[in-house]
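Structure record follows, encoded as structure tokens.
Just so you know, ligand 1 is whichever comes first in the structure, and atom 1 is the first atom listed for that ligand. When a residue number appears, it is its place in the shown sequence, counting from 1.
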Amino acid sequence: MVVGDVTTGTELLVVGGGPGGYVAAIRAAQLDIDVTLVEMDAYGGTCLNYGCIPSKAFVSATDVAHQAGNAEAMGVYADPAVDMQGMVTWKDRLVRRLTKGVESLCERAGVNLVEGRAEFASEEKARIVHQGEGEGSETIAFEHAVLATGSRPIQIPGFEFDGERILSSRDALALDSVPDSLLVVGGGYIGMELATVFQKLGTDVTIVEQLPDILDSYEEDVSAVVRERAEELGVDFHFDQTAQDWEEDGAALTVETEGEDGEVQQFDAEKCLVAVGRKPVTDTLDLDAVDIETTDGGFVETDDRGRTSLDHVFAVGDVAGDPMLAHKAFREGEVAAEVVAGQPSALDYQAMPAAVFTDPEIGTVGMTESEAEEAGFDPVVGQMPLRASGRALTLDDTEGFVRVVADEESGFVLGGQIVGPDASEMVAELALAIEMGATLEDVAATIHIHPTLSEAVHEAVKGAAGHSIHY
Ligand code: FAD
């Protein structure tokens, strides 16, 4: 690739090297498409560098310490200490390993990698602005493009991230010491995962949430299990409270919130984590140069093949809308590459799972009972509490349940809601069932290993089919 005024060409230009972009690039290269991937920061995007992987590394490390320190019922006595710097070093090592892995997977697949920011020069050309002094720019002409520019955290007015007092999730995952106290604004999945991590590290965590409960996209009985466990851990919740303002208070800060009734409350903490959602990144692209439609929320509009309002330009991952999840970005990246290659691929979100890595975890897929009713099904539901699971008892972790929703008439599995240990793993079985069009009897006839947590999925399915044995 020549740097300067020279224009080079590529069949497919992928902008952004996160889960959506790198998967689109690798899949396109597998399909013999000449593909160029441009990344302005770090391969692996938010997920590998500042999101899924760093947060799950912290979740695992703090879980190990917490479990070891709370296992007296099993006859185990320990008082583990977590060295925050050691934990961060370990997390950084994993991140480096995985981002290097993405880079070498792309190279081995034959993807041309370009470091810099890509912006539209026209509908067929992108200007690549190389960062760093005197690095200049180059132009790449493309036949097709995939936009995979991701998302960034929403800032509340007055709460600009400074990395010291007002933290984004990325800042919180880069702290090298444990704050004494942390005020978390937002009880969504990122706020809840990080609140659990820091509470387990010994921080006094307070959550203020504008809505009446945490994890608002989940059913009440699912989020209640997570909220109750967090309360047991010591997290202090304040609902119907909107963060308004903050001020420095010596080495700490005071955040002011307003309740629905207009009552003002003050919360003191060493740091404040703002986790109120994420918004799409399109301002890096100079979208004004092209006729690409966006939604009111700023997401790039796409059809069921990932195509934007320009036929030869696709958008995948967070920039293309909810759910903002890495595995949704993977799938959209694959589909976009296959459509560019002329294959009849299309997106289908029926079996899109989602997980929250709190204590305990949540794993869901497909429809809830009420969604199934709204969609015109006559749903039948089976539910297995984990206190009736032998394996959950041997883990001393019995809060939660597995619920399965199916269509009574056909027996087709329509959805599942799991809250409990390893829910993020267990839900995969139900995702496969939905994707395969499996019926309750198909899953019921599948032999599950004893004793495992996945037996609870089996039992819930058998319950829905009317022949549960163990519950
Ligand atoms: P991103 O990963 O954001 O990647 C976009 C890339 O594009 C970035 O690297 C950016 O530098 C680059 N870019 C932007 N503009 C340009 C440009 N003009 N030119 C060149 N490059 C550009 N999801 C899960 O599924 N499971 C989880 O457990 C999970 N945990 C999370 C925890 C946290 C704390 C956070 C913040 C997110 C988490 N997510 C999780 C969400 C997940 O990280 C995102 O859904 C995923 O990263 C989206 O992938 P993407 O490819 O769309 O965008």
Quiz item: Please state which protein non-hydrogen atom is closest to atom 10 (C) of ligand 1 and give its distance, to 0.1 Å?
Solution: E39 OE2, 3.5 Å

Quiz item: Counting both backbone and side chain atoms, is some N or O of V281 under 3.5 Å from an N or O of ligand 1?
Solution: no

Quiz item: Quick one: does ligand 1 sit under 4.0 Å from the side chain of R278, the backbone, both or neither, non-hydrogen atoms only?
Solution: side chain

Quiz item: N/O to N/O below 3.5 Å, does that happen between I190 and ligand 1?
Solution: no

Quiz item: Any sub-3.5 Å donor-acceptor pair from K91's side-chain atoms to L173's backbone N or O?
Solution: yes

Self-check item: Nitrogen or oxygen of A326 less than 3.5 angstrom from that of ligand 1
Solution: yes

Practice problem: May I ask you to decide if E270's main-chain N or O and S181's side chain share a donor-acceptor pair within less than 3.5 Å? | Solution: yes

Quiz item: Nearest protein heavy atom to atom 3 (O) of ligand 1, by residue and atom, and its distance?
Solution: T46 OG1, 2.6 Å

Self-check item: Pick from S168, A24, P19, C47: the one approaching atom 43 (O) of ligand 1 most closely through a non-hydrogen atom
Solution: C47

Exercise. Let me know which of Q67, H66, K200 forms a side-chain hydrogen bond (donor to acceptor under 3.5 Å, both in side chains) with D359.
Key: K200

Quiz item: Is the closest heavy atom of H327 to ligand 1 under 4.0 Å?
Solution: yes

Quiz item: Just going by heavy-atom distances, which of G17, A354, P54, G20 is nearest to atom 51 (O) of ligand 1?
Solution: G20

Quiz item: Counting heavy atoms only, which of A329, G317, C52 comes nearest to atom 26 (N) of ligand 1?
Solution: C52

Quiz prompt | Nearest non-hydrogen protein atom, atom 21 (N) of ligand 1 | solution = M40 N, 3.2 Å

Self-check item: Protein contact of atom 4 (O) of ligand 1 - nearest heavy atom, named by residue and atom, plus distance
Solution: G18 CA, 3.5 Å

Quiz item: N/O to N/O below 3.5 Å, does that happen between Y189 and ligand 1?
Solution: yes

Quiz prompt | Polar contact flag for T284 and ligand 1 (N/O pairs, less than 3.5 Å) | solution = yes

Quiz item: Is the backbone of I190 close enough, under 3.5 Å, to the side chain of E193 for a donor and an acceptor to pair up by distance?
Solution: no

Quiz item: Which protein non-hydrogen atom lies closest to atom 33 (C) of ligand 1, naming both residue and atom, and how far is it?
Solution: G51 CA, 3.4 Å

Quiz item: For ligand 1, which atoms, with element, lie under 4.0 Å from some heavy atom of S169?
Solution: 34 (C), 36 (C)

Quiz item: Which atoms of ligand 1 sit under 4.0 Å from any heavy atom of T149?
Solution: 5 (C), 7 (O), 14 (C), 15 (N), 16 (C)

Exercise. Look at the side chain of E293 and the backbone N and O of S309, then say whether any donor-acceptor pair between them is shorter than 3.5 Å.
Key: no

Quiz item: So is K328 in contact with ligand 1, going by heavy-atom distances below 4.0 Å?
Solution: no

Quiz item: Would you say the side-chain atoms of K328 pair up with the backbone N or O of G317, donor to acceptor, closer than 3.5 Å?
Solution: yes

Quiz item: Does a side-chain heavy-atom distance below 4.5 Å link R27 with F330?
Solution: no

Quiz prompt | Winner among G16, A148, S55 once heavy atoms are compared against atom 5 (C) of ligand 1 | solution = A148

Quiz item: Can you tell me the protein heavy atom closest to atom 19 (N) of ligand 1 and the distance?
Solution: A118 N, 3.0 Å

Quiz item: What are the atoms of ligand 1, with element, lying closer than 4.0 Å to any heavy atom of D41?
Solution: 11 (O)

Quiz prompt | side chain to side chain contact (heavy atoms under 4.5 Å, CB included) partners for Q210, two or more places apart | solution = T242

Exercise. Give a yes or no on whether the backbone of M367 and the side-chain of Q417 come within a donor-acceptor separation of less than 3.5 Å.
Key: yes

Quiz item: Which of the numbered atoms in ligand 1 are below 4.0 angstrom from a heavy atom of S151?
Solution: 3 (O)

Quiz item: Under 30°, 30 to 60°, or over 60°: which ring-plane class applies to F142 and H312, parallel, tilted or perpendicular?
Solution: parallel

Quiz prompt | Side chain, backbone, both or neither: A42 near ligand 1, heavy atoms under 4.0 Å | solution = backbone

Quiz prompt | Donor-acceptor side-chain pairing of S168 and D171 below 3.5 angstrom | solution = yes

Quiz prompt | Numbering as shown, the atoms of ligand 1 that approach V15 to under 4.0 Å (heavy-atom distance) | solution = 17 (C), 18 (N), 19 (N), 20 (C)

Quiz item: What do we get for A355 next to ligand 1 when only non-hydrogen atoms under 4.0 Å count, side chain, backbone, both or neither?
Solution: neither

Quiz item: Does some side-chain heavy atom of E231 sit less than 4.5 Å from a side-chain heavy atom of F237?
Solution: yes

Practice problem: Pick one of side chain, backbone, both or neither for how R170 approaches ligand 1, counting any non-hydrogen atom pair under 4.0 Å. | Solution: neither

Quiz item: What residue and heavy atom of the protein are closest to atom 52 (O) of ligand 1, and at what distance?
Solution: D318 N, 2.9 Å

Quiz item: Do V114 and H130 have side chains that get closer than 4.5 Å, going by heavy atoms?
Solution: yes

Quiz item: Looking at G150, which atoms of ligand 1 are within less than 4.0 Å of one of its heavy atoms?
Solution: 1 (P), 3 (O), 5 (C), 52 (O), 53 (O)

Practice problem: Please check if the side chain of D422 supplies one atom and the backbone of E425 the other of a donor-acceptor pair under 3.5 Å. | Solution: no

Could you list the donor-acceptor pairs under 3.5 angstrom formed between side-chain atoms of residues 341-353 and any protein atom two or more places apart in sequence or on another chain?
| unit_1 | atom_1 | unit_2 | atom_2 | d |
| --- | --- | --- | --- | --- |
| S345 | OG | E338 | OE1 | 2.6 |
| D348 | OD1 | Q350 | N | 3.0 |
| Y349 | OH | E332 | OE2 | 2.3 |

Quiz prompt | Side chain to side chain, L430 and I418, heavy atoms closer than 4.5 Å | solution = yes

Quiz item: Among R152, K56, M324, which residue places a heavy atom closest to atom 28 (O) of ligand 1?
Solution: K56

Exercise. Record the part of F357 in heavy-atom contact with ligand 1 below 4.0 Å; permitted values are side chain, backbone, both and neither.
Key: side chain

Self-check item: Side-chain donor or acceptor of E361 paired with backbone N/O of A423 under 3.5 Å
Solution: yes

